[in-house]
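Below, chains carry the letters A, B, ... as their sequence lines are ordered, and counting in each starts from 1.
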Number of protein chains: 2
Amino acid sequence: MIAHKIVPNISVDCVIFGFDFEKLNVLLVEREMKDEKTGEVLIRDHTLAGYHIFEDEDLDSAAARILKGLTGLDNIFLEQFGAFGQLDRVSGPKDKMWLDYINKGFADRVVTVGYLALIDNTKVTLTLKDRNVAWFPVSMVSDMEMAFDHKYLFYTAMEALQRKVKVEPIAFELLPDYFTISQLQKLYEALLGTSFDKRNFRKKVAQMHYVIPLRKKQQGVPHKPAQFYLFSREVYDKTRKGRISFII
Amino acid sequence: MIAHKIVPNISVDCVIFGFDFEKLNVLLVEREMKDEKTGEVLIRDHTLAGYHIFEDEDLDSAAARILKGLTGLDNIFLEQFGAFGQLDRVSGPKDKMWLDYINKGFADRVVTVGYLALIDNTKVTLTLKDRNVAWFPVSMVSDMEMAFDHKYLFYTAMEALQRKVKVEPIAFELLPDYFTISQLQKLYEALLGTSFDKRNFRKKVAQMHYVIPLRKKQQGVPHKPAQFYLFSREVYDKTRKGRISFII
DNA sequence: TTAACTTTGTGTAGATAGTACACCAACAAA
DNA sequence: TTTGTTGGTGTACTATCTACACAAAGTTAA
């Protein structure tokens, strides 16, 4: 293992979203610091998955590295949602104390680049055990204490996600390869915080020729089994209409 | 004037767009370097408006500072479109030579944050004289030589602009306070590289209640004078419909 | 084996928005 | 008064959006 030199004033933070067929979740890392003598808990809050970039790696690679380290996953949807450089973003009292404590040679002034990651929950959950990493419902974030400006980063990521999801077929990144229309609908409802009429939603999906029905059906469910579908990016790219819709 | 210390490895670059009622333009700075002895031109190309951030300023302020320095304008639409951190982004042969030449203590590895600025051409043009700064039609950029990865930044900004313009009422930032519908149509056509049917376009504008007709008309034009309109952000914010339009 | 439960999956009618298309009106200049 | 130029309007057709109710296909429990 090569020791990489970090860039002390540039970091990358990942807002990692997952969907459990019920609600949208975000992956957070617990940050804890105890008084060495008394054992008193001085800091216990959460941070996004992030780290400083290395001197010999670009931003996207740094984000991918962090994601892989935490989830074991490769080839994940990962996209920038902004750069953050407020002067005081890492200098709250707890944050100062923390940086002192871990003593890694990070600068006082750090610009971070935010990445948003969408992962298929069914493929993870395992690698996380015995680490201080866990999924939290996005609705819970408002009540949590978070390090640095990470709560702000989270909400910025959330807004970016809601904007993108209306305009690009990225929601599928949060679903397994095979999914039902109901699952897709629940996902959009969770993402946008709304609810849709079932028949109208399905009519819409029927127009998306890149959402392709399979011969497979659910099995063992105590109700009428649903049909599985898959998302085809090839079909999407081919049939995509460059529609212009001014906002009214 | 206080001397600010720069951050050697973080910069901001502004892609400044303007509209002259005919086409979309971008503001570029000429970069020239001559051999000290022979006078031979070693470098003559263009860069975006950019500079390293200062230690005591955040990213948005740095972008605003750069914009003000170049155009004299304040309160300009200015929005991030990405962060760029490729390892080799400032290390082409000419770029190395240039950085050596200007010798400002910039790092070899620089992460830049791209900002896109939209300005009302009628308010500038003046302050630019006797500087190596000029407007270029965006269609001309493909044939120009540009410093660093600035051509790539430009195209990324262009795509971001085209995306945003379909979904947010930011095009108005490129027009004067009062404008005609034809000017608005030409602007959208220039931005998106398409053309629209006049009647349908005007029907659409009529639905945008935030585009408000004035009593004023054009004067001194050798044809039927057009009515002026203005954009009202207040009305926009009030009447905005949170429409969801999945892409098909 | 029947009944109860749960989720799937379907159609229609009215309203709204999108598209394609041609001509007269108002002004300046010659 | 004619010419040139841009501004400004309406209609018929199609596509999409919205609101809304009930039978079908499974499992489970009586």
Side-chain angles (χ1 to χ4, degrees), chain A residues 20-23 166-167 175-176 178-190 192 194-230 239-248, chain B residues 19-23 166-167 169 175-176 178-190 192 194-230 239-248:
Chain A
D20 59 12
F21 300 117
E22 284 297 327
K23 58 201 175 333
K166 289 178 194 170
V167 134
L175 290 172
Y178 300 163
F179 53 86
T180 70
I181 306 258
S182 298
Q183 289 168 347
L184 186 62
Q185 180 173 350
K186 275 208 189 96
L187 172 55
Y188 272 104
E189 291 175 342
L192 300 171
T194 47
S195 66
F196 300 106
D197 175 80
K198 205 196 335 180
R199 276 178 289 193
N200 292 339
F201 186 87
R202 298 174 100 91
K203 224 184 298 174
K204 206 128 194 192
V205 173
Q207 291 173 272
M208 304 179 189
H209 299 303
Y210 52 83
V211 179
I212 300 167
L214 302 174
R215 296 203 171 272
K216 268 177 110 171
K217 291 195 170 194
Q218 283 183 323
Q219 284 183 348
V221 288
H223 54 75
K224 180 168 173 179
Q227 184 159 37
F228 283 114
Y229 289 76
L230 66 75
T239 60
R240 167 180 188 53
K241 300 172 194 165
R243 288 212 276 154
I244 292 141
S245 68
F246 298 107
I247 281 293
I248 300 173
Chain B
F19 178 62
D20 60 12
F21 299 116
E22 284 298 326
K23 57 200 175 333
K166 289 178 195 170
V167 135
L175 291 172
Y178 300 163
F179 53 86
T180 71
I181 306 257
S182 298
Q183 289 168 347
L184 186 63
Q185 180 173 351
K186 275 208 191 97
L187 172 56
Y188 272 104
E189 290 175 343
L192 300 171
T194 47
S195 66
F196 300 107
D197 175 81
K198 207 205 316 188
R199 279 178 286 193
N200 293 338
F201 186 86
R202 298 175 99 93
K203 223 185 299 173
K204 206 127 193 193
V205 174
Q207 292 174 272
M208 304 181 189
H209 300 303
Y210 52 84
V211 178
I212 299 167
L214 302 174
R215 296 203 171 271
K216 270 178 108 168
K217 290 196 171 195
Q218 282 181 324
Q219 285 182 347
V221 289
H223 54 75
K224 179 167 175 180
Q227 183 158 36
F228 283 114
Y229 289 76
L230 66 74
T239 60
R240 166 179 187 55
K241 300 172 192 165
R243 288 211 277 156
I244 293 139
S245 70
F246 298 107
I247 282 292
I248 299 174

| Just wondering, do F21(B) and P176(B) contact through their side chains at under 4.5 Å, heavy atoms? | yes
| query | Please give, in whole Å, the distance from dA19(D) P to K204(A) NZ? | reply | 12 Å
Report, one line per pair, each donor and acceptor closer than 3.5 Å where one atom sits in a side chain of residues 214-226 of chain B; sequence neighbours left out.
{"residue": "Q218(B)", "atom": "OE1", "partner": "A226(B)", "partner atom": "N", "Å": "3.0"}

| message | Let me confirm one number: the NZ-CG distance from K186(A) to L175(A), rounded to the nearest 0.5 Å. | response | 11.5 Å
| task | Starting from the C-alpha separation in whole Å, work towards a yes-or-no answer on side-chain contact (heavy atoms from CB on, under 4.5 Å) for V211(B) and F179(B). | result | CA-CA 10 Å; V211(B) 178; F179(B) 53 86; 4.2 Å; yes
| query | In whole angstroms, how far is the P atom of dC20(D) from the CZ atom of F196(A)? | reply | 17 Å
| said: Once rounded to the nearest 0.5 Å, what's the spacing between atom CD of Q183(B) and atom CD of E22(B)? | reply: 10.0 Å
| Across the strands shown, which category fits Q227(B) at heavy-atom distances under 4.0 angstrom: base, sugar-phosphate, nothing? | sugar-phosphate
| note | Here the gap from K204(A) atom NZ to I181(A) atom CD1, rounded to the nearest 0.5 Å, amounts to 13.5 Å
| message | Return the OG to CD distance between S182(A) and Q227(A), rounded to the nearest 0.5 Å. | response | 11.5 Å
| K186(B) NZ to dT5(D) C1': how many Å, rounded? | 11 Å
| Whole-Å gap separating P (dT6(D)) and CZ (R202(B)) | 13 Å
| query | Side-chain N or O of S182(B) less than 4.0 angstrom from OP1 or OP2 on dG7(D)? | reply | yes
| field | Base versus backbone protein contacts along nucleotides 21-30 of chain C [heavy-atom cut-off under 4.0 Å; B, S, -] | value | BB--BBBS--
| query | Over its full length, what angle do the end axes of the helix from dT1(C)-dA30(D) to dA30(C)-dT1(D) make, each axis taken from five pairs and the result rounded to 10 degrees? | reply | 0°
| said: Between T180(B) and Y229(B), does the side-chain contact (heavy atoms from CB on, under 4.5 Å) criterion hold? Intermediate values first, please. | reply: CA-CA 6 Å; T180(B) 71; Y229(B) 289 76; 5.7 Å; no
